[in-house]
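Report on the structure given below.
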Amino acid sequence: MTEQKNAENGHSEELSFWRKYVFSTDHKVVGKQYLFIALFMAILGGVMAYYMRWQLAWPETAVPGAGWIPEPTAFGGIIPPEFYNALTTMHGTIMVFFVGMPFLLGAFGNFLLPLMIGAKDMAFPRLNMMSVWTLFLASLVMIASFFVEGGAASAGWTGYAPLSADPIHTGVTWGLNLWILGLALEFTSFLMGGINFLTTTITMRAPGMTMYRLPLMVWMQITAAVIFMLSVGPLIAGAILLLLDRTVGTGFFIPELGGDPLLWQHLFWFFGHPEVYVVLLPGFGAIMEILPVFSRKPIFAYKTIIWSTIIAGALSFLVWAHHMFVSGMDPRLAMPFSITTILISVPFAVVIFAFMATLWGGSIRFTTPMLFALGTVMTFIVGGATGIFNGSAPVDIFIHDTHFVVAHFHFTLFPDVFLGGFAALYFWFPKMFGRMMNETLGKIHFWVTTIAFNAVFIPMFVLGLGGSMRRVYNPLQYDFLKPMQGINEFITYAAIVLLLGQFIFMFNFFWSMFKGKKAERNPWNATTLEWSVSYPIPHDNFATIPTVYHGPYEYSLPGNKSDWQPQHEENEPVSG
Amino acid sequence: MTDTKHAHPNYIVIWAWLVFLLAISVVAVYLPFSQWITVTFIFVVAAVKAVIVAMYFMHLKFEESLVRYIAIIPVLLFIIMTLSLIPDTVYNR
Amino acid sequence: MSGATTVSEYQATHTVPGRMGIWWFLASEIMVFGGFLAIYILYRMASGGAWAEMANHVSAPIGTFNTIILLTSSLTMVKAFEAIDNEKRKQATNFLLITVILGLAFLGVKAFEYSSEIALGFTPLSGTFWAFYYALTGLHGLHIVAGVIFNASLLVMAMKGTLWPNTQHRVEYAGLYWHFVDIVWIFLFPLLYLSY
Ligand SMILES: [Cu+2]
């Protein structure tokens with residue numbers, strides 16, 4: 001092997017506390033670090049959502065719990081328009097880049113990928129450590145941007161120029177520069193992570209682990225990594241030019257100086273649409289692991305799922321202008337981009353049908369991970385179906401920039417990041433922390449989250465069809481929105497329930513980590529390689545690299561003693 | 001390791017080709033052809049130079065196909081992106 | 001299920017992790033520079049010839065000279081890799097040294113070019129062409145700086161003899177990066193210096 005491997009492997013007992021838990025090169029520790037960053041940032045993003053929702057339901061009243069915010073930002077808990085804009089911007093940025101990606105790619109990708117392919121660690125363990133600390137730095141920069149003169153970025157999470165290109169429009173100076181810097185660091189972090197994911201999967205699979213024997217979680221992680229790497233470059237180029245516009249005084253995106261602000265939108269969405277699949281696919285990957293385990297059936301159409309997602313990934317580079325139908329771009333682009341957008345729903349429909357076919361005729365066990373997995377599929381269907389409305393230019397012209405769009409993308413991203421992420425966390429918690437999470441609390445958490453989520457976002461579709469614009473500060477300023485204010489209040493009540501419900505999870509998470517029932521090696525009777533090692537997993541994972549004999553989803557094989565066939569066991573599986 | 005012990009090509013000859021191509025593209029600017037022809041010629045020559053560097057200096061010619069895809073797909077994406085932005089950015093200002 | 005089998009014996013590909021990692025890195029770099037070039041090309045086409053006047057003021061002879069320097073440094077870099085492949089340590093060290101010197105020479109010429117342009121009053125604020133000129137060559141220059149630092153660190157290891165026996169293939173990886181930066185320049189040169 002290469003020299004890095006020899007240097008990093010082994011001798012895990014001799015490492016100091018700092019090398020073992022803080023600056024660790026162990027992919028499992030790195031994965032957990034990603035997890036904690038993601039959960040912390042999720043709390044931040046959730047609090048911001050609460051402030052926004054309160055403002056929308058009872059505009060310009062003091063928000064309970066916001067009284068601590070000092071004067072120029074908020075006034076005794078009353079949120080001024082500038083801070084409201086910063087909240088919408090930073091809520092989006094944090095939830096997509098600092099929760100979605102670290103949670104699904106960072107935490108589960110890092111923790112699971114080497115275990116699932118039977119490798120001792122990532123291909124470049126030190127690069128892996130650097131990636132998580134770069135993300136940590138990026139998070140600090142993002143948080144710091146709230147405390148600089150002028151406040152945090154407030155040009156929307158998409159940072160449209162010229163709003164973002166010249167401080168005179170928003171009054172935000174350093175906040176937006178730090179926003180660009182924080183995003184650049186975040187991109188760097190995930191580029192490093194992606195290089196590791198891809199190189200590890202390509203070059204370090206265990207003997208017998210062919211590409212078509214990889215668990216789908218691994219397939220989804222590497223597909224997401226490829227999509228991210230190929231889409232983010234032009235946006236990095238654009239972001240550098242935007243920063244030059246703001247700091248040096250060039251005019252790349254400022255029309256008066258000969259720039260083209262629309263190009264920023266093109267660059268952003270050339271990245272932005274593939275980016276939602278970067279977040280989406282690993283969440284789906286978790287679902288693809290969980291559904292067969294709790295249906296005791298092989299996943300339906302394994303190869304079709306792989307190729308559907310690869311096709312969807314390729315198509316995702318050809319749909320971006322569906323975000324720009326009303327932006328003033330060349331109208332001749334509307335038709336081709338509508339067509340590609342509607343086409344891209346086909347591979348995802350295939351995947352969803354494969355999920356349903358997996359459940360069909362299985363002996364389903366409604367454990368907490370399974371409930372969350374099913375919840376993900378159910379809610380995502382609503383998000384995917386409403387995406388077709390947004391993607392067709394004629395409909396989009398009516399609903400563009402309304403709360404319909406907000407409801408749509410929350411219906412795609414929330415199930416994936418949170419329901420899918422929770423499913424994954426409940427499922428792999430025993431492998432990560434050696435204990436089981438509490439099932440009863442988990443089920444309560446599931447029902448509260450799912451019901452409250454739907455109560456928040458189904459009415460929001462109605463609001464959007466009624467013409468309520470997204471990013472509006474005070475809906476009561478508009479007479480035609482006044483009759484719908486009751487809906488806004490209802491949504492806010494539901495959102496508060498949704499956020500409070502997460503305390504159940506937080507209690508369960510920390511309580512189970514220390515006091516939960518000790519987990520067996522393979523508590524769910526699953527087949528993939530990570531269940532073949534027992535907790536605590538040593539630094540180099542496998543004492544001997546396992547040999548793989550089977551595909552990842554060999555459940556309920558006729559003539560077998562038990563109903564699951566681990567990937568690394570030749571025949572005659574042992575039960576237990 | 002499994003580093004392919006391929007016989008190295010004669011790099012100096014390749015370098016000479018690159019310098020020659022550079023020279024003709026510089027000279028082409030001063031020749032009395034129409035601007036359209038000159039620009040096309042210059043960029044075709046640049047593309048040829050890039051391919052030569054990638055094939056021999058970066059030994060892409062001797063790599064397995066996966067590595068070639070890793071190199072080619074981003075280039076294709078760049079071309080697709082540029083072409084599909086032309087109607088909007090160039091003709092719609 | 002013998003424990004003695006190593007992973008590498010079963011690798012599906014003969015590509016070692018280091019080289020594979022570098023290629024993925026380069027793929028993402030292609031998209032970054034591709035984005036830059038796309039923006040530049042689109043703006044240039046949209047400007048309808050208005051930039052030709054501005055583009056006339058860059059010095060094609062200096063640019064050509066610098067291109068030759070960079071092409072030659074690519075040659076010495078690949079010669080260093082060849083020498084490593086053939087176990088000729090002294091030769092490899094010498095070629096690395098020349099590569100580093102040529103990289104520094106490129107930066108020196110570029111600095112001279114910048115200063116003479118700024119002396120003539122052409123700054124990043126003198127119009128969109130100049131803004132692009134400084135942004136593109138600046139980013140490329142930063143890549144050259146990174147490459148020079150990396151090559152120089154390999155050179156120091158080679159002179160001390162610590163490059164062998166475990167890390168000599170880093171010369172190949174550094175070379176892949178260096179040639180990539182060269183390719184970027186191969187396109188930047190006609191885009192900025194020749195097409196007026
Ligand atoms: Cu989209």
Side-chain angles (χ1 to χ4, degrees), chain A residues 1-7 118-120 123-124 127 187 191-192 194-196 198-200 202-211 225-226 228-238 240-241 244-245 248-252 257-260 263 267 270-271 543-547 549 568 570, chain C residues 1-40 42-43 46-47 50-51 123-136 138-139 142 165-170 173:
Chain A
M1 291 310 305
T2 56
E3 83 285 2
Q4 294 101 318
K5 299 297 302 166
N6 298 330
K120 285 181 179 271
F124 313 111
L127 189 70
F187 295 157
L191 282 176
M192 294 193 248
I195 289 171
N196 243 329
L198 290 160
T199 311
T200 310
I202 291 168
T203 59
M204 292 173 67
R205 299 190 307 278
M209 181 62 91
T210 59
M211 288 306 271
V226 173
F228 182 74
M229 285 183 123
L230 295 182
S231 62
V232 78
L235 183 64
I236 292 177
I240 293 172
L241 297 182
L244 289 177
D245 276 5
V248 179
T250 54
F252 294 111
L257 299 175
D260 182 3
L263 191 66
L267 296 174
F270 182 82
F271 161 74
T544 51
I545 298 283
T547 305
Y549 300 97
H568 63 288
E570 202 155 4
Chain C
M1 235 218 276
S2 63
T5 51
T6 62
V7 182
S8 56
E9 283 172 38
Y10 281 88
Q11 274 168 6
T13 102
H14 71 257
T15 308
V16 290
R19 201 192 298 155
M20 188 56 89
I22 284 282
W23 272 108
W24 283 112
F25 167 69
L26 292 183
S28 62
E29 282 273 55
I30 293 174
M31 286 314 287
V32 175
F33 276 106
F36 259 113
L37 295 188
I39 301 169
Y40 174 79
L42 291 165
Y43 275 41
S47 77
W51 290 8
T123 68
L125 303 180
S126 320
T128 314
F129 171 78
W130 286 102
F132 270 114
Y133 171 79
Y134 283 101
L136 287 168
L139 187 77
L142 284 179
N166 283 328
T167 45
Q168 73 275 26
H169 48 260
R170 286 191 191 169
Y173 308 152

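Residues Gly35(C) and Ala237(A) come closest through the heavy atom pair C-CB, 3.9 Å. Of all heavy-atom pairs between Leu125(C) and Thr250(A), the closest is CD2-N, 3.8 Å. Smallest separation of non-hydrogen atoms from Pro17(C) and Phe124(A): O-CZ, 3.2 Å. Heavy atoms only, all atoms of each residue included: Gly21(C) and Thr199(A) are closest at CA-OG1, 3.4 Å.
Leu139(C) touches chain A through its side chain: at least one heavy atom from C-beta onward sits under 4.5 Å away, while N, CA, C and O do not. With a threshold of 4.5 angstrom between heavy atoms, Ala38(C) does not approach chain A through any atom at all. Using a 4.5 Å cut-off between heavy atoms, Ile39(C) contacts chain A through both its backbone and its side chain. Of the two parts of Phe228(A), neither the backbone nor the side chain holds a non-hydrogen atom closer than 4.5 Å to a non-hydrogen atom of chain C.
No side-chain heavy atom of Phe271(A) sits less than 4.5 Å from a side-chain heavy atom of Met31(C). By the 4.5 Å heavy-atom criterion applied to side chains, Leu241(A) and Phe36(C) are counted as neighbours. Within the 4.5 Å cutoff, side-chain heavy atoms of Leu263(A) are placed close to those of Leu42(C).
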Point to revise | From CA spacing to verdict: side chain to side chain contact (heavy atoms under 4.5 Å, CB included), Asn196(A), Trp24(C) | key: CA-CA 9 Å; Asn196(A) 243 329; Trp24(C) 283 112; over 6 Å; no
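Proximity of a side-chain donor or acceptor of Tyr43(C) to a complementary backbone N or O of Gly258(A) within less than 3.5 Å is not detected.
Taking Phe132(C), Phe25(C), Phe33(C) one by one and counting their heavy-atom pairs under 4.5 Å with chain A, the maximum is reached by Phe132(C). The candidate with the highest count of non-hydrogen atom pairs below 4.5 Å against chain C, out of Leu230(A), Leu127(A), Leu257(A), is Leu230(A).
The CD atom of Glu29(C) sits 10.0 Å away from the CE atom of Met229(A) when rounded to the nearest 0.5 Å.
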